[in-house]
Amino acid sequence: MNMSNNGTILSVKNLSTHFFTEEGVIKAVQDVSFSIKKGRTFALVGESGCGKSVTALSIMRLVPAPQGKIVGGEIFFEGRNLPALSENKMRQIRGKKIAMIFQEPQTSLNPVYTVGNQIAEVIRLHQKKSCKEAWADTVEMLRKVGIADPARRAHEYPHQMSGGMQQRIMIAMAVSCKPALLIADEPTTALDVTIQTQILDLLDDLQKQNGMSILLITHDLGIVAERAENVAVMYASRIVEVAETPRLLAEPLHPYTQGLLKSLPRLGFSEKRLQTISGNVPEPLHFPTGCKFHPRCPRGKIDKQCQTIEPVLREVQPGRCVACRHIGY
């Protein structure tokens, strides 16, 4: 299958990833499907525990084994189905063609190696450059991501840097080989608003320079509104709505998406208290029957079919998909 014909670089089809534990099977990701165009930003949003990060780890083939396993579906990247590749072939793609910025740079960076050595190792591994060439590229990457005095900072350790600088180091490492796809998993978590904007602007600049696609994983719809052309909303292991970002923000169709948008603060909002979605994301070991959102949905609480029949994600408008029996059925 050649994805280049329609400009699609990544196509995820019916992906399911489960974890097999002593307590039972945790169905972290179920029947997830979406695609990303070349040079575009696609956002995956939802509350914590919805399966966003496991989806990213599945694409990277980094689901912790033996408990975790991709049990179904396909992940086509540049025409190749990643789950079907050998580990050796996957290593050639991981880091070079597809790179990932993890949530917590403090836990992702190795504390006993300098940041320069960690970036240079990636460059040497994937680009077959000499130590001298890799080090020169490392200093240049640090300069590109806004690290002051990069030649000196390259010799420092992660603990000598602030959270914002550590995140810049992670970005430098991820884009050092100019990947075609960058997965940014909550890239601004625990950073103040000013640093958040700087990091996101940096990703925009690198995207324009390298023409890479970005899968942006976040729970912040404000970031999505400014940075992503398309968005998928995920809830309790499944995608419940997919649309172009402006259309979804202007007219959300799924009750969960509507709840997320109503919970956002707005200028000129007269009420003192923000609206909230009642209840919590269900535990994966104890998902409710039927629509997983029905215990928190005003309609689902009274509709017996919502409580017994799980809706499938289906196209209700051109380029617009929703999983709700009250929409498009």
Pairs of donor and acceptor atoms involving the side chains of residues 279-288, under 3.5 Å and at least two apart or interchain, shall be tabulated with distances.
none

What I want to find out is whether [X] reaches [Y] closely enough, with some N-O distance under 4.0 Å, to be called a salt bridge.
{"X": "Glu121", "Y": "Arg124", "value": "no"}
{"X": "Glu244", "Y": "Arg320", "value": "no"}
{"X": "Arg94", "Y": "Glu87", "value": "yes"}

Any side-chain heavy-atom pair from Met173 and Leu109 closer than 4.5 angstrom?
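Sidechains of Leu109 and Met173: in contact.
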Within the 4.5 Å heavy-atom criterion, are Leu181 and Met212 side-chain neighbours or not?
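Not in contact.
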Determine, stepwise, if the pair Leu82 / Ile98 fulfils side-chain contact (heavy atoms from CB on, under 4.5 Å).
CA-CA 11 Å; Leu82 300 184; Ile98 307 176; 3.9 Å; yes
For Arg152, salt bridge (Lys or Arg N to Asp or Glu O under 4.0 Å) partners two or more places apart:
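By the salt bridge (Lys or Arg N to Asp or Glu O under 4.0 Å) rule, Arg152 matches Asp149, Glu156.
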Picking from Arg325, His294, His326, what satisfies side chain to side chain donor-acceptor pair (under 3.5 Å) with Gln305?
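With Gln305 as partner, Arg325, His294, His326 yield a single side chain to side chain donor-acceptor pair (under 3.5 Å), made by Arg325.
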Please state whether the rings of Tyr256 and His254 are parallel, tilted or perpendicular, taking 30° and 60° as the class boundaries.
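The rings of Tyr256 and His254 stand perpendicular, inter-plane angle above 60°.
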Main-chain N/O of Gly319 paired with Glu315 side-chain donor or acceptor, under 3.5 Å:
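Present.
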Using the test side chain to side chain contact (heavy atoms under 4.5 Å, CB included), find all partners of Leu125 that sit at least two apart in sequence or belong to another chain.
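For Leu125 there are no side chain to side chain contact (heavy atoms under 4.5 Å, CB included) partners, ignoring immediate neighbours.
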